[in-house]
Every structure is written in structure tokens, then in C-alpha cells.
Trainee: 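Take a look at this one; I'll ask things after.
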Number of protein chains: 2
Amino acid sequence: MKEGPSIATIAALIGDPARANMLGALMAGRALTAGELAREAGVRAPTASGHLARLSEAGLVLVEAQGRHRYFRLSGPDVAHVLEGLMGLAARTGRLRTRPGPRDPALRQARTCYDHMAGEWAVRLYEGLLADGRLTAAEGQVSLTEAGRSFFRAEGVDLSALEAGRRPLCRACLDWSERRPHLGGTLGRAILDHAVARRWVRPSTEGRALTVTPPGLMALRAWVGDAVTPLSETIGRAGG
Amino acid sequence: MKEGPSIATIAALIGDPARANMLGALMAGRALTAGELAREAGVRAPTASGHLARLSEAGLVLVEAQGRHRYFRLSGPDVAHVLEGLMGLAARTGRLRTRPGPRDPALRQARTCYDHMAGEWAVRLYEGLLADGRLTAAEGQVSLTEAGRSFFRAEGVDLSALEAGRRPLCRACLDWSERRPHLGGTLGRAILDHAVARRWVRPSTEGRALTVTPPGLMALRAWVGDAVTPLSETIGRAGG
DNA sequence: CGATTGCTTCGTCCTCCGCCGAAACGTCGG
DNA sequence: CCGACGTTTCGGCGGAGGACGAAGCAATCG
């Protein structure tokens, strides 16, 4: 109890399995109702309600009442960032007490990481953009090259809007399943929006998984170049 | 217990006050003995021993036996990074259940953040380097300008060594007390080493606090330029 | 060689908290 | 209005785990 109890409180809040599952579900970026989160966490409604009250009181999630539903979402990217960091630690350090569930392959392949893409596909995309000279990672810092800027402008991405805020355009976000970086930042977010809008990927109705559609397969392959292994072998395992 | 128990395990590990205090103490970057950590956490030796066993089994800390002492340290920058993230969340979200203790002003002023400097001084340093055109933060990505490279070379910093590894040279690390970024990465580390070697700052014998020595005051002020407010006025001021 | 110090293991106590069922509150639909 | 549904509050149960003292090893010192 000397100087830093607050960090313990926050960590303990995340440290309960039920609450961790809820937060993990919210990593998909969507707002979910208390009932959905209860199911996601594998607990009854009263239990979930208590957990959610504590999470929102601590400011980790925000709640919005809508009719008889209450929608919860993460209170910001910083929360998501810490959660991803914890996943990284868990992947690096933990024995895998988590028996690899049936849904895991789909998650490993493509998923949302709060507001951008993660998983095999995201890592490939990142490495493809690097290989094509559209991104550069000098000194470990990612930035968009001139070629990359014209590429995304041609795709219809409004780069100046993405650079308006305080949040960086490009950020290397360590993928906890692949152990290699993928693209975060506002550009990462824009790419996910882009891909969803063009039906290249379809977010799972619940959960973080992303399904890559056939046209998406073509489009993404064009983005990442032909040098990349065809994905077809890994698609369609463990439907959901 | 659905898909993500591992993150809960790690977070729960950090979520105990005694363990959190130990990890916080290790954020100073030094290796500490079990006894020191017990004192730091405010628990007896047996309790501390149990906690440290769990922390090292989970891979959050590394242990090295030396005579009858056992030295513990954080297992890597990723652990420190997650801890800093948690501190940020705690500062942003938490009601301040932590009454601002007497030691806090010193910590706010200058402290170590695992292996680089944090606190008021570190933020000033960062902003001074930016203002002088030695660092550039285009697109939210920090990098060293040509002027900056010559500056640090002249100071005797071996930049190529710093760029050798996988870890980035410059990283903007959010300062949880100042809520503004300071400099991390290998350059951040080198600056701390530099400042310690030249007796500009003196690490507290225990804890993360850094004391700025009178010559250090001169030197750092020269680094950050005269435009920066003298430190004397802001010492002991709280809040933001 | 015996005393001291640092750390761990063991056994025990005890508090905390996560879980649920039952019931209350509110919203929506007939 | 009344019933269905989503959510919260309440009360009680049970288990996990954090705390300590005493004792056991191991290394250092006189």
C-alpha cells in the first residue's frame, strides 16, 4: 500500500476471468449489451451486471442506455492498448493453460484489434506494404512513404483527415498471436473501415473474428503482392 | 473461461497490491533482492517470497541468485510498457484513492521509467529537443533529425550502437504524471545513462525518484534551451 | 566451527469476492 | 392495462488466496 495502489486496482479489475472475457469481447470495437457480455463471459446476468458496474465505475468501459438495453464499450484506445499489451505478455510468458479452443484458428487468421485488423492477414498486409515500399519502418518507426501516400489516395483514403488528430497515422502494433507487428494508428483503422465497406472482410456477428470474403481475397492479395503465400489453405477452418 | 484466460491470469498477478508495489519498485530498472522487495511491498519475507515465486514462474520477472541474495528484475521492456500503460489508465480513470503521498512531488519531478527518464524534467527535455529541431515528431512518430544526430554524437553518444538492435531508437512514451509524452527507446535509455554517468541526476538509493544535481540543472537547461521555464517555480506544484 | 543473515517451505487463519437464485424495477409490445 | 424481457439489487453460499509465525536450508562472517 505504499505508493501505487491504483495500478493494482485497475489490474485486479482486468484480472478476473469473467471481466477479462468481457473486455476481450469489447476489443472487437463494437458496443455490446449487458446480456451479450454475460453470455460472452459465461456468467449469469446478475453476476455480469455487478462486473459491468465495477468496470464502468472505474472508467474502463462507457455505458449508454438505449431503451431497455444498456450498451457497453471500451472507454478508449488506451484501454485497448493495455489489453493488447497484456495479451502479448500472456503469449510470451504464459504456459498455455488456455486449451486452444475451436474458435482460435479463425481468430488467429483475422480479427479486429479494437479498431484495426490483427491476425495472420493483418501481419501479411503490413509486411506486404513494407515490401512494396509503401510503408517504411526506419528506426522501428513506421511511416507512409510517398508511394504509399499516392497508393492510399488512389484507393480513396483521405489521409489528411487521418492526420488531423493527435493520434499517430501509423503505429506498429505487436500482434500477440503472430508475434510480429501489424499496422495500427488511424491508417490501420481506415484500412479496416475500407475493407469492411468494400465487403472484403465481414465482422463476425459476435466476437472479434473477421471473415475474409472471396473478393476480399483478391483485393488483399493485390495489396500485398503475389509473393505472399495464398491464403486459401487456411480459410474456412472452424466456421463461426 | 471462454477464450482468454491467460490475460486474466497475468492481470490478476499484477492486480495484487503487494505484487504491484514490487513491480513498481522494479520499474526503476535496477535488480532488487527479495528482502528489499518485501520492504517495498510492505509485507513480511515469507509473503514476498511466495509472490516473487509466482511472478517469476509467470515470466514477469527474472531472478538471479548471487550468494545468499536473490536479485529480481523485470523480464523485459514489454512488462514495463504494460505497467506504464496501467499507470496511465489509473491516472486517467481512477478516482484518486491514492492520497498524494509526501514522496509524490519528487516522483513527479524526475524518475526512471524502467530504463529511461520520466516526469516533469523528461517531458521538458523531450519538448526542448523537439523545439530545437533535434527531434521531429512527424505523424506522431518520433525520429532524430540530422541536427539531433550531430548533437548527440558531439555529446559522445554512440548512435549506431543504439540502432543496432530491434528496439527503436526513439519512442514517444506517455508520461502518466504529466499526461504528455517523453522520450523512450534506446536513445531515451542512453540519455539516462549519460545523465547518471555525468552526475546530472542521482538515482535514489531505493525507489524510482531521480534527484537533479546543480550541475545537472545547468546541463539540462542548456539542452532544453532557455525558453523553458526555470524549474524552481514548478517544484512542489500539484495537479494538471 | 558456530552464529548470523537471507530466503524458502509449511501449516493455519481469515478475509474477500465471485457466483447464483429470488425478487424488484423499468421498458416494450399486445 | 398486463405479460414478456432486460437489467439491477439483495442475501447467502462457497472457495480461492493472501497474510503471518515457526521451522528448515544455504551462504557468509567472525
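A note on names: the letters A, B, ... follow the listed sequences, proteins ahead of strands, and every chain is numbered from 1. Remember, it's a predicted structure, so these values are computed and weren't measured experimentally.
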Trainee: NA contact type, Ala34(B), heavy-atom cut-off 4.0 Å: base, sugar-phosphate, or nothing?
Mentor: sugar-phosphate

Trainee: Any chance you could lay out the side chain to side chain contact (heavy atoms under 4.5 Å, CB included) test for Arg111(B) and Met117(B), step after step, and finish with the verdict?
Mentor: CA-CA 6 Å; Arg111(B) 65 179 182 276; Met117(B) 280 181 64; over 6 Å; no

Trainee: Go through it in stages, so that I can follow the logic: the residues are Met27(A) and Leu74(A), the test is side chain to side chain contact (heavy atoms under 4.5 Å, CB included), and I'd like the CA-CA distance, side-chain angles, deciding distance and then a yes or no.
Mentor: CA-CA 7 Å; Met27(A) 285 286 287; Leu74(A) 294 188; 4.0 Å; yes

Trainee: For side chain to side chain contact (heavy atoms under 4.5 Å, CB included), just list the numbers for Trp200(B) and Leu220(B), CA-CA rounded to whole Å, side-chain angles, deciding distance to a tenth of an Å, and then say yes or no.
Mentor: CA-CA 8 Å; Trp200(B) 293 351; Leu220(B) 291 175; 4.3 Å; yes

Trainee: Can you name the closest pair of heavy atoms from Ala8(A) and Ala20(B) and give their distance?
Mentor: CB-CB, 3.6 Å

Trainee: Taking any atom under 4.0 angstrom from a heavy atom of chain A, which nucleotides of DNA chain C are the first and last to qualify, 5' to 3'?
Mentor: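 Extent of the interface on DNA chain C: dG18(C) to dC28(C).
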
Trainee: So if I apply the side-chain contact (heavy atoms from CB on, under 4.5 Å) rule between Leu55(A) and each of Asp16(A), Val63(A), Leu26(A), Leu60(A), which one comes out positive?
Mentor: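 With Leu55(A) as partner, side-chain contact (heavy atoms from CB on, under 4.5 Å) holds for just one option, Leu60(A).
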
Trainee: Does the Ser56(B) side chain pair with the main chain of Leu62(B), one donor and one acceptor, at a distance under 3.5 Å?
Mentor: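 Checked: no pair found.
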
Trainee: For Asp193(A) and Asp115(A), what are the C-alpha separation, side-chain angles and deciding distance, and is it a side chain to side chain contact (heavy atoms under 4.5 Å, CB included)?
Mentor: CA-CA 9 Å; Asp193(A) 293 345; Asp115(A) 62 1; over 6 Å; no

Trainee: Heavy atoms under 4.0 Å is the rule here; annotate nucleotides 12-23 of chain D 5' to 3' with B where the base is hit, S where only the sugar-phosphate is, and - elsewhere.
Mentor: ------SSBBB-

Trainee: Mind listing the closest non-hydrogen atom pair of Val123(A) and His182(A) along with its distance?
Mentor: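 Val123(A) and His182(A) have their closest heavy atoms at N-CB, 4.1 Å.
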
Trainee: Strictly under 4.0 angstrom, non-hydrogen atoms only: write out the protein contact profile of nucleotides 24-30 of chain D, one letter per nucleotide from the 5' end, B, S or -.
Mentor: ---BS--

Trainee: Per the side-chain contact (heavy atoms from CB on, under 4.5 Å) rule, which among Arg68(A), His69(A), Gln66(A) passes with Thr33(A)?
Mentor: His69(A)

Trainee: Just how far, in rounded Å, is P of dG6(D) from OH of Tyr71(A)?
Mentor: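 Spelled out: OH on Tyr71(A) to P on dG6(D) is 11 Å.
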
Trainee: Would you please say whether a donor-acceptor pair under 3.5 Å links the side chains of His116(B) and Arg189(B)?
Mentor: no

